[in-house]
Amino acid sequence: MAPEKLTEYERRRIENIKRNEEMLAALKIQSRVSELSAVTKRPRAQSKSYQASPQKKQKSKSPVVLRRSLRTKGIPPDSSTAGGIKDDSDDLPDRIAPNKYSQPAPKKSPREPIPISMRDAYSGDFDVSNQRLIETIKDFSHKIDDGDDRIEKRKASGTVHLESLRLEPDNIARVVPGRILNVRFFPTNNVRMVAVGNKFGNIGFWNVDAPQEDGDGIYLYHPHSGPVSGIVMDPFSASKMFTSCYDGFIRVMDIEKEMFDLAYLSEHPIFSISQWPHDMNSIYYGEGSGELGICDLRAGKSSVSWKLHEERINTIDFTSENCNIMATSSTDGSACIWDLRKVSAHKPKSLQTVRHKRAVHSAYFSPSGRFLATTSIDNTVGLLSGANYEDTSMVSHFNHTNRWISSFRGIWGWDDSYIYIGNMQRGVDVISVADKKLDFTLRSEHMTAIPCRFDAHQDKVGMLAGATSGGQVYIWTAS
DNA sequence: ATTGTCATTACTCAA
DNA sequence: TTGAGTCCATGACAAT
C-alpha cells in the first residue's frame, strides 16, 4: 500500500476514535434518558437497537437494484464508484485491480465485484466498534479451533419443554433496519451471537453477551447491495461466514483478513445457499429459475449447474447422516429429495418429490435426518418420513404472509419431535411430529411484531432466534 | 407461453 | 394517538 494511503488511513483512524469517544459519551447520556423513560407500557423503541450514524444512514437510500435490472435497463452504475460493472467481462474478479477498494472515499457501493474490507462495510463511523466485533469473533473462533468450544454437527439430542421457553426483555434487539430475511447463530457456546441479513444488503451482528462497557453489542455492516438470501456458518471454522444475495454475489466474511471477500459472482440472482457437509470447500446455491450450482471455493469457480426446478429454489438442505442426500424447495410448487450421485445434467431425476398446490418456501431435514419438513403457502406443512421418505402427511397451517412479511419457514428444533414456525398473530407455532398437528404456541407480550425467520442454536436446547420484518430479533431461551 | 398490472396489508417513523 | 410511506411477494387475471 502506498505511503500516502497509510497516512490518510492514520488520519482517518484518529478522527474516528475521537468522534467515537464523543458518540459513546452521547450514547451513555441517551441510555440514561431511555432508562428514565422506559416505563412506557408498550415500548416502541427497544432498549437495544442498531445505531445508524447520522451521516451514513442509508444515504440516498440507494434503491435495491438487481444486477440484471441494471443491465437490462441500461442504467450505468453509480458514477461515484469507479470500476462498476459495465459488461459481463468486467464481472470476473481476477480482472479487477486489487487496490481499488482501498480508496479513502466514504463507503463503496457493494455492487463492485471486489472484496470489501470490514472497515469499509461497517455502517457506523467508529472503527473501534468494528474492531471490537472482529476481536470477539477471533476470540471464540480460536477457541473453537483449539477444541475448547467445539460444537459437533447438530444431533438429535435434547428434548425441550415447551412450557419452559421464555422471551426475556433483554433478549430482544433491533439489529438491522428493515426486513430480515435470514438469521443464524454463530456455532459457539461461550458467546451468544447471531448474524442477520436484511433486504437492503446489510449484515447485522448481535452479541447478546456483550459486556456492558461495549455498548449494546450490535454491529451493522453493508457488504451487499440487495436482499441477503442466505447465511451459512462454517461449523468447523467460525471465522468464516458465507452470505448470498439477490444481486448474484456470494461473499465470505474472513475474520482473519477482516474482509467480506468475494467467493462467487453469478449472472443470476442467488436465492439460497448451503454448505456441503462432506466438503467445506463446496458451496451449493440456487440461482435464477430453478438452477442449482456448486461452487468450489478454492477454485472460485462453479463446477456444475443443474436445472432442478422450474422456478427459483428457496432452500437447499442436507442430512447430517448421508452427505449425498439433498433437499430443495421451490416456488414451482415442489420440494425434492436428490441423491447427488445420481443427478445428471441432462435429466435430473429426484429420489422423491412432494407436490404442493403453491410455492414451497422451505424443505428442511430433521436433526436425525429421518424426516423432511416442507412449508408451502398453500397453507400446509408437509412431513416426509420412511426409509426413502415415501410417506407424506400434510399438516394444516396458515402460511399466508403479506407483502411486507417474509414467508414462513418451518424449522426443526433440537430433536425430531417439533417444528417451529411463525404465525400472523405474533406467535411461534410448534407442530408436533408425533401428533401431526399444532401442539403449542409460544407467545410473549414482548413480541411486538411477527417473527417470520428462525434459527435454532445448534447446541443450546431451547435457544431459538426469531427475526421480524422490522429488523428485530427475539431470542427465546429455556429457563 | 411469457409479460404486465393490480390488490393485498404490517410495520416503522415522523408528526 | 394518527397517518403517511413502504414497494422485488404472490396469485389472479388480463394482455400480448
Side-chain angles (χ1 to χ4, degrees), chain A residues 34 37 40-52 54 57-58 60-73 75 111 172-182 196-202 204 220 224-230 244-249 266 268-272 286-290 309-315 329-334 356-362 375-380 398-409 422-428 446-453 466-474:
Chain A
S34 58
S37 62
T40 50
K41 55 176 178 177
R42 210 138 310 192
R44 286 171 54 105
Q46 266 66 23
S47 52
K48 292 176 181 173
S49 81
Y50 66 93
Q51 300 292 335
K57 94 160 98 164
Q58 312 244 338
S60 82
K61 201 180 258 178
S62 55
V64 178
V65 183
L66 296 184
R67 286 177 356 95
R68 274 235 296 233
S69 311
L70 261 186
R71 204 176 298 141
T72 49
K73 288 176 185 168
I75 299 169
R111 204 177 295 123
I172 298 169
R174 196 175 302 278
V175 182
V176 288
R179 183 159 117 207
I180 294 176
L181 286 87
N182 248 291
V196 304
N198 74 358
K199 199 186 54 175
F200 305 124
N202 292 113
L220 184 66
H224 286 289
S225 69
V228 176
S229 52
S244 65
C245 181
Y246 283 22
D247 67 6
F249 282 79
S266 168
H268 307 287
I270 293 182
F271 295 114
S272 46
E287 62 173 340
S289 299
H309 285 278
E310 293 307 309
E311 287 173 71
R312 68 193 231 182
I313 296 174
N314 293 308
T315 60
S329 66
S330 167
T331 298
D332 69 8
S334 68
H356 280 270
K357 294 188 187 72
R358 303 262 186 272
V360 187
H361 274 272
S362 66
T375 305
S376 166
I377 55 169
D378 70 358
N379 288 335
T380 57
F398 187 82
N399 294 331
H400 271 197
T401 55
N402 62 48
R403 177 179 179 176
W404 291 289
I405 309 290
S406 294
S407 56
F408 291 143
R409 295 175 171 180
N423 73 27
M424 291 299 275
Q425 287 76 46
R426 300 184 183 125
V428 183
H446 300 117
M447 281 210 301
T448 55
I450 296 165
C452 48
R453 295 292 162 92
T468 75
S469 285
Q472 287 164 301
V473 174
Y474 308 117

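Note that this is a predicted model, so its numbers are computed, not measured. Letters A, B, ... mirror the listed sequences (proteins, then strands); counts begin at 1.
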side-chain contact (heavy atoms from CB on, under 4.5 Å) involving A:S362 - partner list, sequence neighbours excluded | A:T315, A:Y364, A:T375, A:R409
Tell me: CD1 of A:I450 to C1' of B:dT12, nearest whole Å?
-> 14 Å
Distance-only donor-acceptor test (3.5 Å): side chain A:W404, base B:dT9 | no
Results of side-chain contact (heavy atoms from CB on, under 4.5 Å) for A:N182 - residues two or more places apart only | A:R184, A:I231
For residues A:R453 and A:S407, is any side-chain donor paired with an opposing acceptor at under 3.5 Å?
-> yes
Just jot down the side-chain contact (heavy atoms from CB on, under 4.5 Å) partners of A:Q425, sequence neighbours excluded, or say none.
-> A:N423
Among all residues two or more places apart in sequence or in another chain, which pass the side-chain hydrogen bond (donor to acceptor under 3.5 Å, both in side chains) test with A:N402?
-> none
Here the distance between atom P of B:dT9 and atom CZ of A:R426, to the nearest Å, is 15 Å
Are OP1 or OP2 of B:dC11 and a side-chain N or O of A:Q472 less than 4.0 angstrom apart?
-> no
Per atom distances to the A:K199 side chain, the nearest of C:dC8, B:dA10, B:dT12 is C:dC8
Per-nucleotide protein contact string for nucleotides 9-16 of chain C (B base, S sugar-phosphate only, - none; heavy atom under 4.0 Å) = BSSS----
Quickly work out the A:H268 NE2 to C:dC8 C1' distance and round it to whole Å.
-> 18 Å
For A:F271, what residues pass the side-chain contact (heavy atoms from CB on, under 4.5 Å) criterion, not counting sequence neighbours?
-> A:Y246, A:P269, A:R312
Can you tell me how far C1' of C:dT6 sits from CZ of A:F200, to the nearest Å?
-> 9 Å
